[in-house]
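Below, all heavy atoms of this structure are taken into account, side chains as well, without hydrogens, waters or symmetry copies. Remember, predicted model here, so these are calculated numbers, not experimental data. Chain letters run A, B, ... following the sequence lines, proteins first, then strands; residues in each count from 1.
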Amino acid sequence: MKTGITLVGLIDCLRKYTCKCFGIIFFLLSPQPRLNKARLRFSSASPSSPPSNLTFYTRFRQHLGLQQLSLLFTRWVLKVTTLSEQILHLRSLANTRYPGLFHLLQENTQDSIKDGEIKQHFGRKIAIDASMSIYSFLIAVRSEGQQLTSETGETTSHLMGLFYRTLRMVDNGIKPLYVFDGRPPTLKSGELAKRSARKAEATAAHAEAKEVGTAEEVEKFSRRTVRVTKEINDECKRLLTCMGIPYVEAPCEAEAQCAALAKAGKVYAAASDDMDTLCFETPILLKKLMLSEMKKEPVQEIYLDRAMQELGFTRDQFIDLCILLGCDYCDTIPKVGPTTALKLIREHKSIENVLSHLGPKYAVPKKWPYQDARELFKNPLITDPDECEFKWEAPDIDKLVAFLVGEKGFNEDRVRAGAVKLSKNLKGNTQARVNDFFKPVPKTAEELAGLKRKSEEKAAERKKKVKAEKAEKGKGKKGKR
DNA sequence: ACTCTGTTTCGAGACGTC
DNA sequence: TGAAACAGAGT
DNA sequence: GACGTCC
């Protein structure tokens with residue numbers, strides 16, 4: 001036995017994770033196991049063609065440096081191979097997200113995307129996907145790799161993140177409305193299966209790292225095993241209630257509910273980094289809302305109507321475009337990327353027409369539920385926005401302190417200071433709207449500037465590429481576009 | 001030349017102090 | 001999980 | 001802006 005996972009270690013692992021051996025196999029077969037790269041050598045299995053049982057067996061035997069494996073172990077290997085095929089299958093189903101929609105809008109429209117500052121949204125109500133935020137808090141709010149905890153050892157990272165982020169928003173005059181996830185649609189099951197496989201992988205890798213890996217590795221994998229549990233969600237809801245910040249529960253996807261609220265005019269916009277939200281017809285999408293102040297990055301404001309208008313698309317066409325680009329619900333057609341997708345929809349107007357005019361070069365996935373995906377975008381399961389009651393109220397300071405300080409061990413002064421901010425900004429609530437006077441003004445000046453910025457950026461982007469390659473040579477005259 | 005695809009790597013919160 | 005930057009392949 | 005702390 002030279003290096004690598006020991007047989008004992010592996011079996012031990014298996015024992016711990018009987019049902020999760022998915023993870024281990026996945027990990028072992030992964031083309032580039034990140035952990036123990038040097039020690040796991042039999043990793044050349046390509047994702048497209050799972051190794052045969054024999055190949056796997058042989059590799060494994062060689063790896064362990066054994067003449068032959070016991071019968072029991074052989075059986076295990078067989079089982080493993082079967083599982084691995086399933087996993088690889090799952091992986092091949094991996095649907096890509098929208099790597100392109102944002103860029104596509106950037107490059108093909110003039111002013112559907114506007115950069116701004118957080119201050120511009122003073123006084124506005126904004127819907128936020130709570131689960132997304134909470135998830136990122138659980139991953140990011142850490143100290144020395146460990147989540148923050150109360151004295152009793154309960155995680156408090158999510159409360160920490162939610163509390164201060166909400167404070168910051170309120171401080172900027174934003175009235176946040178949090179939207180919690182319900183049950184995911186069944187069409188998403190493929191995606192979810194993929195995720196759970198990944199979780200299993202991470203869990204196994206995490207366990208393995210704890211045994212033989214470095215602290216960094218352990219930390220890395222611990223982040224990947226993060227899950228937003230019901231308890232965590234409930235605590236967050238409780239916190240929001242104490243803070244006087246409203247929330248609603250979506251029957252299904254929070255993104256869809258956010259969009260519906262925005263569409264109905266209940267809130268000004270949906271804030272999300274996920275372009276999916278646009279497909280649910282939010283008139284305005286705010287991207288990178290919270291990054292701006294600290295990192296000096298602008299808040300990106302995306303207008304759906306302008307995007308569609310400039311692309312010359314109807315809503316149906318826009319959705320079809322998004323489906324071609326790739327969404328959570330179904331795969332993409334191989335060889336159809338952003339450029340081709342745009343061209344196809346422009347030419348044929350709908351996926352149906354695209355399909356009937358599609359050359360034989362393109363292999364449409366056999367099971368391609370684009371109609372279902374479309375349906376989900378057009379008629380998502382949501383609660384009628386008119387039935388959503390939400391109000392921003394004064395914080396219940398006593399309860400807030402009891403909860404955060406009493407139960408979770410937060411610093412009392414900080415919590416009280418936060419509560420003061422909440423109360424103070426609530427007063428602006430009734431007055432609000434002072435900034436409405438400002439809005440029309442920037443429209444001329446800023447949009448002009450925005451437009452210039454846009455075209456400059458685009459020009460710069462293209463020139464960068466073109467110039468970098470061609471201007472150097474001095475060969476010069478290729479005014480692209 | 002253009003497009004699509006695959007690989008790799010990194011970061012992901014918010015606050016205050018210095 | 002994903003986004004960005006890069007290299008590679010197919011057309 | 002680079003760091004340490006929050007719990």
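Ring pair A:Phe390/A:Tyr247: centre-to-centre distance not below 6.0 Å. Ring centroids of A:Tyr370 and A:Tyr329 are separated by 6.0 Å or more, keeping the two rings apart.
When the P atom is used for both D:dC7 and B:dT17, the distance is 15 Å, rounded to whole Å. Only the P atoms considered, B:dG13 is 14 Å distant from C:dA4, to the nearest whole Å. When the P atom is compared between B:dT9 and D:dT5, the two are found 31 Å apart, to the nearest whole Å. Nucleotides C:dT1 and B:dC15 have their P atoms positioned 28 Å apart, rounded to a whole Å. Nucleotides C:dA5 and B:dA12 are separated by 15 Å at their P atoms, to the nearest Å.
In this structure, A:Lys237 satisfies the cation-pi test against A:Phe180, with its NZ or CZ atom closer than 6.0 Å to the six-membered ring centre and inside 45 degrees of the ring normal.
Following rounding to the nearest Å, A:Phe221 (CZ) and C:dT1 (P) show an atom-to-atom distance of 14 Å. Counting to the nearest Å, the C1' atom of D:dC7 and the CG atom of A:Leu162 are 15 Å from each other. Remark: C1' of D:dC6 and CG of A:Leu404 are 12 Å apart, rounded to the nearest angstrom. Distance, A:Asp328 CG to C:dT1 P: 10 Å, rounded to whole Å. Rounded to whole Å, atom P of C:dG2 lies 16 Å from atom CZ of A:Phe102. Between the P atom of B:dA12 and the CG atom of A:Leu138 lies a distance of 16 Å, rounded to the nearest Å. With rounding to whole Å, A:Lys220 atom NZ is found 13 Å from B:dT8 atom P. Atom pair A:Ile139:CD1 and C:dG2:P shows a separation of 11 Å (rounding to whole Å applied).
Side-chain proximity of A:Thr340 to the nucleotides D:dC7, B:dC4, B:dT5 is greatest for B:dC4. Distances from the side chain of A:Lys335 to the nucleotides C:dT11, B:dA12, D:dC7 place C:dT11 closest.
Counting only heavy atoms from C-beta outward, the side chains of A:Glu154 and A:Glu235 approach each other to under 4.5 Å.
A salt bridge between A:Arg238 and A:Asp234 is absent, with no side-chain N of the basic residue lying under 4.0 Å from a carboxylate O of the acidic one. Checked for salt-bridge contact, A:Lys287 and A:Asp273 miss the test: no charged N lies under 4.0 Å from a carboxylate O.
Using a 4.0 Å heavy-atom criterion, one finds that A:Thr149 contacts the bases of the nucleic acid, with or without backbone contacts as well. Contact annotation for A:Asp273: no contact, since no heavy-atom pair falls under 4.0 Å across all strands.
For C:dA4, one of the phosphate oxygens OP1 or OP2 lies less than 4.0 angstrom from a side-chain nitrogen or oxygen of A:His103.
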Identify the pairs formed between an N or O of the protein and an N or O of nucleotides 13-18 of chain B at a distance under 3.5 Å, and give each distance.
from, atom 1, to, atom 2, distance (Å)
B:dG13, O3', A:Arg165, NH2, 3.3
B:dG13, N7, A:Ala140, O, 3.4
B:dG13, O6, A:Arg142, O, 3.3
B:dA14, OP1, A:Arg165, NE, 2.6
B:dA14, OP1, A:Arg165, NH2, 3.1

Taking only N/O atoms, report every protein-nucleotides 6-8 of chain C pair under 3.5 Å with atom names and distance.
none

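Within 6.0 Å of CZ in A:Arg183 there are 12 or fewer heavy atoms belonging to other residues, nucleotides or ligands. Around the CD atom of A:Glu297, the shell of radius 6.0 Å holds more than 12 heavy atoms that belong to other residues, nucleotides or ligands. Applying the 6.0 Å contact sphere to NZ of A:Lys399 captures no more than 12 heavy atoms from other residues, nucleotides or ligands.
Side chains of A:Arg142 and A:Ser222: a donor-acceptor N/O pair is present below 3.5 angstrom, by distance only.
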